[in-house]
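One structure is given below, encoded as structure tokens.
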Protein chains: 2
Amino acid sequence: MAVTQKVDMDGKPRVVIMNVAMHLFGKQGFNGTSMRDIANAVGLLPGSLYAHIESKEALLLEIVADGIGRFLAAVEPYVASSVSPLDRLRQMIIAHVEVVADNPERSQVVFHQWRFLSPEYIPEAIERRRRYETCFVEVIEEGVKAGLIRSDLNHRIAVLSILGAMNWTPEWFSPDGRLGAAQVGDLMADTLLGGILS
Amino acid sequence: MAVTQKVDMDGKPRVVIMNVAMHLFGKQGFNGTSMRDIANAVGLLPGSLYAHIESKEALLLEIVADGIGRFLAAVEPYVASSVSPLDRLRQMIIAHVEVVADNPERSQVVFHQWRFLSPEYIPEAIERRRRYETCFVEVIEEGVKAGLIRSDLNHRIAVLSILGAMNWTPEWFSPDGRLGAAQVGDLMADTLLGGILS
DNA sequence: CGCGGTAACAAACATTTGTTTATTAGCAAG
DNA sequence: CTTGCTAATAAACAAATGTTTGTTACCGCG
């Protein structure tokens with residue numbers, strides 16, 4: 001259904017297939033991408049894929065698991081760092097945007113396609129997402145205790161607003177744009193931490 | 001594929017079908033929902049749907065077009081209102097959350113499934129989304145001119161952050177939750193306008 | 001050269017997909 | 001009761017889906 005472009009077949013085939021699938025799942029969705037789409041983009045016939053992968057869903061599982069892992073690995077180091085909670089939060093936002101920018105399609109898969117894992121894998125995916133959110137909750141609560149963050153607002157709403165703003169970035173961030181990932185993250189931190197009031 | 005529940009068949013059948021499709025498209029995605037899923041949930045055989053609708057894609061088109069329309073209709077009245085830009089922005093955020101809360105699944109379709117419209121309908125969908133974003137850009141720029149909003153931050157980033165936070169709400173908002181839509185919108189406005197710094 | 005194993009191909013498989021067709025039930029109007 | 005219309009059914013259609021199978025090309029190593 002989707003017109004796809006053939007991709008050069010260097011590197012280990014499994015990795016190439018994974019990258020192509022990541023791209024297509026991110027752009028067309030899991031259910032909108034056929035094994036023939038993937039095979040076509042890799043430059044193979046559909047059946048040939050199965051010499052390297054186990055199933056379509058194994059592809060999705062690996063992409064999602066690895067993807068969440070990247071976000072966790074990028075952000076968790078800052079959670080218990082010794083600098084100010086505010087600086088920590090800023091670093092975490094920047095780190096998040098950098099992971100998104102590194103591969104927006106992968107991020108879309110992580111954010112939206114995990115629902116299409118078979119039920120047995122869903123709980124772990126949800127749990128790891130929750131763990132990710134907890135990182136931000138902890139830092140913010142620490143900031144509140146330290147008197148650096150307003151205590152008069154709903155923390156849950158605040159965290160969800162920040163996460164929402166960040167999770168929307170793959171929708172508009174362009175790796176070829178004028179602003180780099182770190183700059184965008186920094187500007188978002190300016191907005192989200194300081195608000196827009198003058 | 002998906003296990004769905006039969007729904008009582010009152011009201012005009014076309015409306016029932018639309019509502020069921022909206023629900024399923026929002027929860028399982030357009031490509032993850034079969035006409036048999038819809039028929040099953042409505043309590044009809046697959047072929048019987050076509051006495052009321054033209055095609056699967058016509059369903060999506062109507063849901064998306066109507067959905068975007070609801071957001072525009074809810075927010076646009078505030079854009080040129082005479083109150084302070086800040087109050088206007090707050091009202092717009094509340095209005096947005098109220099539309100989401102009225103039907104989170106529809107919102108998910110509007111935000112994510114419009115990509116699966118056939119190419120001829122994509123430009124208009126994008127244009128109306130752009131128009132929606134422009135509402136917020138205008139109010140914010142006016143706030144900057146009035147000296148009410150910081151001029152030292154990137155407005156594009158600020159708008160995208162606010163829109164991101166709002167567009168993420170269907171992911172977590174629960175109509176049965178403790179907080180109502182208007183309250184959530186108000187709290188989000190607190191966070192997004194004032195920031196989290198104390 | 002010949003041998004062995006990896007990975008490609010070509011072709012088919014059983015389902016599932018969106019949709020159409022021909023037929024039948026239900027029901028208001030004459 | 002009969003006529004006529006709407007909307008349901010049952011059944012099938014072609015195409016697309018994920019995956020499997022048997023066979024062939026390739027390529028390093030003896």
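Letters go in sequence order (proteins before strands), and every chain restarts at 1.
Note: CG (A:Leu44) to C1' (C:dA8) measures 7 Å, nearest angstrom. Atom CG in A:Leu49 sits about 15 Å away from atom C1' in C:dA10, given to the nearest Å. As rounded to whole Å, 8 Å separates atom C1' of C:dA8 from atom NE2 of A:His52. The distance between atom CZ of A:Arg14 and atom C1' of C:dT6, rounded to the nearest whole Å, is 16 Å. Nucleotide C:dT19 holds its C1' atom 13 Å from the CG atom of B:Leu59, rounded to whole Å. When rounded to the nearest whole Å, the span between CG of B:Leu24 and P of C:dT17 equals 13 Å. As a whole-Å value, the separation of B:Asn31 CG from D:dA16 P is 14 Å. The separation between A:Leu45 atom CG and D:dT23 atom P is 18 Å, rounded to whole Å.
Exactly one residue among A:Phe25, A:Trp168, A:Phe71 makes a ring pair (Phe, Tyr, Trp, His ring centres under 6.0 Å) with A:Phe111. That residue is A:Phe71.
A pairwise comparison of heavy atoms in B:Arg150 and A:Gly195 identifies NH1-O, 2.9 Å as the closest pair. Smallest separation of non-hydrogen atoms from B:Thr33 and B:Gly29: OG1-O, 2.8 Å.
Side-chain N or O atoms of B:Asp102 include none that pairs as donor or acceptor with a backbone N or O of B:Val99 at under 3.5 Å. Panel note: side chain A:Lys56, backbone A:Phe30; a donor-acceptor pair is recorded below 3.5 Å.
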Could you check A:Trp172 against B:Glu133 for side-chain contact (heavy atoms from CB on, under 4.5 Å), going step by step and ending with a plain yes or no?
CA-CA 12 Å; A:Trp172 53 266; B:Glu133 297 182 13; over 6 Å; no

Please tabulate, one pair per line, each protein N/O and nucleotide N/O from nucleotides 19-21 of chain D that are separated by under 3.5 Å, including the distance.
from   : atom 1 : to      : atom 2 : distance (Å)
D:dT19 : OP2    : A:Tyr50 : OH     : 2.4
D:dT19 : OP2    : A:Lys56 : N      : 2.9
D:dT19 : O5'    : A:Tyr50 : OH     : 3.1

